[in-house]
Amino acid sequence: MSLFGTTTGFGAGTTGVFGNATTDSHNPMKDVEVTSPPDDSISCLAFSPHTMPGNFLIGGSWANDVRCWEVQDNGQTVPKAQQMHTGPVLDVCWSDDGSKVFTASCDKTAKMWDLNSNQAIQIAQHDGPIRTIHWITAPNYSCAMTGSWDKTLKFWDTRSPNPMMSLQMPERCYCADVVYPMAVVATAERGLIVYQLENQPSEFRRIDSPLKHQHRCVAIFKDKQNKPTGFALGSIEGRVAIHYISPPNPAKDNFTFKCHRSNGTNTATPQDIYAVNAISFHPVHGTLATVGSDGRFSFWDKDARTKLKTSEQLDQPITACCFNNNGNIFAYASSYDWSKGHEYYNPQKKNYIFLRNAAEELKPRNKKW
Amino acid sequence: MAECDAEWELCKENIQPLRHGRTISALHQALCQQHEGNNAALNQKKQAFESELRLYEGDDPLDVWVRYIKWTKQTYPQGGKESNLSVLLQRAVRRFTDDKKYQDDIRYVELWIEFAEGCSDPMDIYRFMQAQGIGTMQAALYIAWSEENEKRGNLKMADSIFQNGVKCGAQPSDKLHVFHRALQARVCRQMMSSMTDQQKDHDDDDDGDEGSAEPQRSSLAELKAKGKKKAVVPINRASASVGYARGLKLKQPLGPKQNSRLMIFDENKNPETEPQDPRLEIWTATPTARAKENEQKPEKWTNVKLPLKSRSGLSVAVPPPVPTFQPFVEEDHQPPAVTPCKINPAVNSVLSARKPCRAQETPLKMLQERSQHTQEAAAEGKTREQSMYCKELLYSGVTEFCFEELRAERYRHKLQSEQ
């Protein structure tokens, strides 16, 4: 992976040198562009787990397809395979052994894609679009967890057409994350539920939302012993909450911070607030990345409570992001997230996935890790 | 068929009456669905309306709201919280407050009137409407407003409202006149009946018995006074206007005018302190909606704290005396079974620490904030913060949507229209 170092000051917001505007504004960070990106907005990205050699990137899009690329060590991306759904794909995830990919779609089904045979079979069915899918590996069971807009959370043994378990939620599932033995689901109307997955999945606690606006994305983080201990929750109005499940001092340990807003120090013009589209934790450093509707990504250290870096502004919102299994690569997707509705949608606009070297920039401030 | 009728008969009391009546088939279907708990179809229809609200691109967005509200009323005959009818009305009304196009649209005005009737203080709403120019050309506004005044006994005010309506040239004007004349007739009768009774009171001071005998029998007659005392239990079976039906020869005036020895303050007789025309106040916001039940968070009842007992003297609470007898225990006595707890004890949010009470969000406050914002913006040429997403689209209907849901709805619509 070649190193690209562009560290311009925060707030400078250049959209490109005059004359190079078109090329720079879509990739101002000059990161590696993935070849053959999807034709419509990218909804989700996922890198292969460490159990598999190499780096394979999966991306689902609103063009109803899921694509797989191999990311080689020299930075080259090679498109490998593609699968289709009958509706836009909303979420993807890998099985723990890296041989299968699970895809969830608006067509109310979820599929399991065997990469070796390039066959995909349906493994789940809901009454509404499936918004999230995660693979759970427990000592005594393995299953796929699907969260849907039909207000249910279902668990699927891939061999059976019926779910092994179905849990009712108070509202539609908007985002979820799983790190065994914990699962967090954020729903509409600011609902927040934590599940414990030992033995069998069950509701652990319902939490009052630390945020005042619609929940948009959630990611679980781990403690120094590699156990899940809390989660980061992003809202539709430029704010992320860091919430620990059982902190020694909740008032002090839990906090929220503002992000993806414009004109931080400049009070003369109104501050524009953008949605936080995705949150990802670095698998090694424990620092986090957020991507927003403003077309920027930011890296944060939640323990030192500081911002590590903010990118230049892309000309489109960033809709998805993820780290690879060893934290060297940060992938982010630039496409329209529908934050301003139908009128601002331009089907002709190209969508991109960028890859960036993440080894250095996400080192925590205080080197706690 | 007999069974179908029975369904409806069984919950007559729970069915909210509609002015224009209900279609029996829709009513029956709604009751059956609720009985069976068939929510999936209801949810789908609701979802369809919600997405239509957001995806509509025609000239008449009010039409979607009107249909949604009509469907809600038919489907949830009991009204109540799950129908979200009050929320819907509130949203619909606020959505088009600034829209000049709908100001005199009868459908919109009727929505406002329905909203007002559900509020704790409809008078505020009507005054706001007049100040904003909503429905000022519609007879319905004046009729409803006047009726409200009449209910409260402000007959003079009710009359002046009609006069105002006539002055504004509200349509349909003949309807307005009919209602106005009806009101005037009622007022006259009431005044006359109270006048004749007062005269009678003066005349029959010594006469203990009932005054002029009433040859005809009247059902539901007033309780007649017995003995020297004139005091009679006041009866107020219906609103003031109904009294007319009993005939002019009523002895007892209806309303708070009994026991005429006492000079009871009567606002209708005293000179009006308010000016004739209803004052046009500058209203910047719609007034409070109905007090929302079950939506307030629990709060402390009082600030009273029980004082801690002083250290000296009666410091220790005396424990209850041990009974001198042995409580009888049955042989096969078992400890009371633990009541089955539906709430998982691990879910401790039920008993979480009380949070400071969130100020009740009334439409007044929300609109005031919005108008303050826009006022500040106008004054200083800026707003403090600006959300860079389509808030209106997301929060248009009763429930919220996320970006993906919006997009998915549009995708679904496109698919349907292509098929």
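Numbered from 1 within each chain, the chains take letters A, B, ... in sequence-line order. Quick caveat, the model's predicted, so the values are computed rather than measured.
- Chain B forms more heavy-atom pairs under 4.5 Å with one residue of A:H342, A:E343, A:K340 than with any other, namely A:H342.
- Using a 4.5 Å cut-off between heavy atoms, B:R410 touches chain A through its side chain atoms alone.
- Residues from residues 182-194 of chain A that place a non-hydrogen atom less than 4.5 Å from a non-hydrogen atom of chain B comprise A:A188, A:E189, A:R190, given in numerical order.
- Checked against ring-ring contact (aromatic ring centres under 6.0 Å, His included), B:Y56 has no partners two or more places apart in sequence or in another chain.
- Neither the backbone nor the side chain of A:D107 has a heavy atom closer than 4.5 Å to any heavy atom of chain B.
- Using a 4.0 Å cut-off between charged nitrogen and carboxylate oxygen, B:D99 and B:K101 do not count as a salt-bridge pair.
- Salt-bridge annotation for A:K349 and A:D39: absent, with no side-chain N of the basic residue lying under 4.0 Å from a carboxylate O of the acidic one.
- Side-chain contact check for A:S41 and A:T319: no donor-acceptor pair (N or O, by modelled atom type) lies under 3.5 Å.
- Of the possible polar contacts, none joining the B:S51 side chain to the B:E409 backbone as a donor-acceptor pair under 3.5 Å is found.
- Only the side chain of B:Y395 comes within less than 4.5 Å of a heavy atom in chain A; its backbone stays farther off.
- Taking the charged nitrogens against the carboxylate oxygens, B:D60 and B:R107 do have a contact shorter than 4.0 Å, which makes a salt bridge.
- Under 3.5 Å, the side chains of A:S262 and A:Q271 contain no donor-acceptor pair of N or O atoms.
- A salt bridge does not link B:K391 to B:E400: none of the charged side-chain nitrogens sits closer than 4.0 Å to a carboxylate oxygen.
- In this structure, chain A has a heavy atom under 4.5 Å from the side chain of B:L394, while its backbone stays farther away.
- In this structure, a donor-acceptor pair under 3.5 Å is absent between the side chains of A:T152 and A:Q168.
- Interface residue B:L393: only side-chain heavy atoms are found under 4.5 Å from chain A.
- Note on ring orientation: taking the six-membered ring where Trp is involved, the planes of B:F96 and B:W65 are perpendicular (angle over 60°, cut-offs 30° and 60°).
- A donor-acceptor contact under 3.5 angstrom links the side chains of A:Y345 and A:D40, judged on distance only.
- Under 3.5 Å, the side chains of A:D294 and A:H260 contain a donor-acceptor pair of N or O atoms.
- A distance-only check finds a donor-acceptor pair linking the side chain of A:R296 to the backbone of A:S311 [under 3.5 Å].
- Of residues 244-251 of chain A, no residue lies under 4.5 Å from chain B by any heavy-atom pair.
- Residues B:E405 and A:R172 are paired through a salt bridge, judged by an N-O separation under 4.0 Å between the basic side chain and the carboxylate.
- The side-chain hydrogen bond (donor to acceptor under 3.5 Å, both in side chains) test with B:Y68 singles out one residue from B:K73, B:E52, B:E50, and that residue is B:E50.
- Aromatic pair A:Y174/A:H215: ring centres not closer than 6.0 Å.
- Scanning residues 411-419 of chain B against chain A with a 4.5 Å heavy-atom cutoff picks out B:Y411, ordered by number.
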